[in-house]
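Heads up, the thing below is written out as structure tokens.
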Amino acid sequence: MQSDRQLRNWYIKFNRLYWNGELPDSTVLIWEPVPKCDGVTCPVYEVADGCFEIKIDPALKGEPCYWRIVLLHEMCHVAVWRRHPKHSHGPIFRKEVDRLYEIGAYRKLL
């Protein structure tokens, strides 16, 4: 599957700015409705060892600030994938989100 160009460009930019380019370059990013979007389960999947797929609901396309926040959120899951239960929003995940907030990743989005 091939990434959406717009999502891919923002992933690359955010990866460079906030993770020093350390997130997997092979991550696939697509616009796709998420069947279970309940605030607990996030649409990030490890499809192979170290290869991820991020799905973002296409209903958000008209809201760039919001889908960029969602993208950052999903990228946090990728960043801490090996250190926490896969879709958990526990302390390790929250610490990563807090780190992004502290370095200004959300400044122009909120």
Side-chain angles (χ1 to χ4, degrees):
M1 184 174 294
Q2 192 170 20
S3 289
D4 174 83
R5 187 180 339 182
Q6 181 181 39
L7 291 175
R8 181 90 183 131
N9 288 340
W10 279 97
Y11 176 89
I12 290 167
K13 179 178 180 172
F14 287 157
N15 189 15
R16 180 178 38 82
L17 289 172
Y18 307 123
W19 286 279
N20 297 313
E22 295 174 6
L23 298 185
D25 192 45
S26 60
T27 300
V28 174
L29 302 110
I30 56 174
W31 295 106
E32 184 175 305
V34 181
K36 183 181 177 186
C37 193
D38 57 9
V40 175
T41 303
C42 285
V44 175
Y45 308 94
E46 187 174 33
V47 294
D49 189 33
C51 296
F52 296 89
E53 184 176 275
I54 295 174
K55 296 179 180 181
I56 297 183
D57 194 320
L60 302 177
K61 279 186 178 182
E63 301 293 335
C65 285
Y66 189 71
W67 68 254
R68 289 175 188 149
I69 290 169
V70 171
L71 178 58
L72 284 169
H73 175 97
E74 305 311 341
M75 291 175 77
C76 285
H77 281 293
V78 172
V80 300
W81 193 266
R82 300 278 183 243
R83 297 179 287 151
H84 79 105
K86 306 308 184 214
H87 295 288
S88 171
H89 292 111
I92 293 171
F93 174 82
R94 287 192 310 270
K95 185 176 180 182
E96 183 69 4
V97 172
D98 290 346
R99 182 187 72 79
L100 288 185
Y101 188 80
E102 289 171 9
I103 62 174
Y106 297 99
R107 191 170 294 129
K108 293 182 180 180
L109 301 175
L110 298 174

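Below, each value reflects all heavy atoms present in this structure, side chains not excepted, and no hydrogens, waters or symmetry copies. All residue numbers in this chain count up from 1 along the given sequence.
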[atom2] on [Y] to [atom1] on [X], rounded to 0.5 Å:
X: R68; Y: L7; atom1: CZ; atom2: CG; value: 10.0 Å
X: K95; Y: E102; atom1: NZ; atom2: CD; value: 10.0 Å
X: I54; Y: L71; atom1: CD1; atom2: CG; value: 6.0 Å

Write down the atom of [X], the atom of [Y], and the distance for their closest heavy-atom approach.
X: G50; Y: S26; value: O-OG, 3.9 Å
X: L100; Y: C76; value: CD1-SG, 3.3 Å
X: K61; Y: W67; value: O-NE1, 3.7 Å
X: V47; Y: E53; value: CG1-CB, 4.0 Å

Self-check item: Residue Q6 excluded, over 12 heavy atoms near CD under 6.0 Å
Solution: yes

Quiz item: Do other residues, nucleotides or ligands put more than 12 heavy atoms under 6.0 Å from Y66 OH?
Solution: no

Quiz item: Once the angle between the rings of H73 and F93 is folded into 0 to 90°, is it parallel (under 30°), tilted (30 to 60°) or perpendicular (over 60°)?
Solution: perpendicular

Quiz prompt | Verdict with supporting geometry, D4 and L29, side chain to side chain contact (heavy atoms under 4.5 Å, CB included) | solution = CA-CA 6 Å; D4 174 83; L29 302 110; 5.7 Å; no

Quiz item: Which residues satisfy the side chain to side chain donor-acceptor pair (under 3.5 Å) test with E32, sequence neighbours excluded?
Solution: K55

Residues 8-21, side-chain donor-acceptor partners within the protein, below 3.5 Å, at least two apart:
residue: R8; atom: NH1; partner: D25; partner atom: O; Å: 3.1
residue: R8; atom: NH1; partner: T27; partner atom: O; Å: 3.1
residue: R8; atom: NH2; partner: D25; partner atom: O; Å: 2.5
residue: R8; atom: NH2; partner: D25; partner atom: OD1; Å: 2.8
residue: N9; atom: ND2; partner: R5; partner atom: O; Å: 3.4
residue: Y11; atom: OH; partner: P24; partner atom: O; Å: 2.7
residue: Y11; atom: OH; partner: T27; partner atom: OG1; Å: 3.0
residue: N15; atom: OD1; partner: E22; partner atom: N; Å: 3.3
residue: N15; atom: OD1; partner: L23; partner atom: N; Å: 3.0
residue: N15; atom: ND2; partner: L23; partner atom: O; Å: 3.2
residue: W19; atom: NE1; partner: E96; partner atom: OE2; Å: 2.5

Practice problem: Not counting sequence neighbours, which residues clear side-chain contact (heavy atoms from CB on, under 4.5 Å) with C65? List them please. | Solution: L109

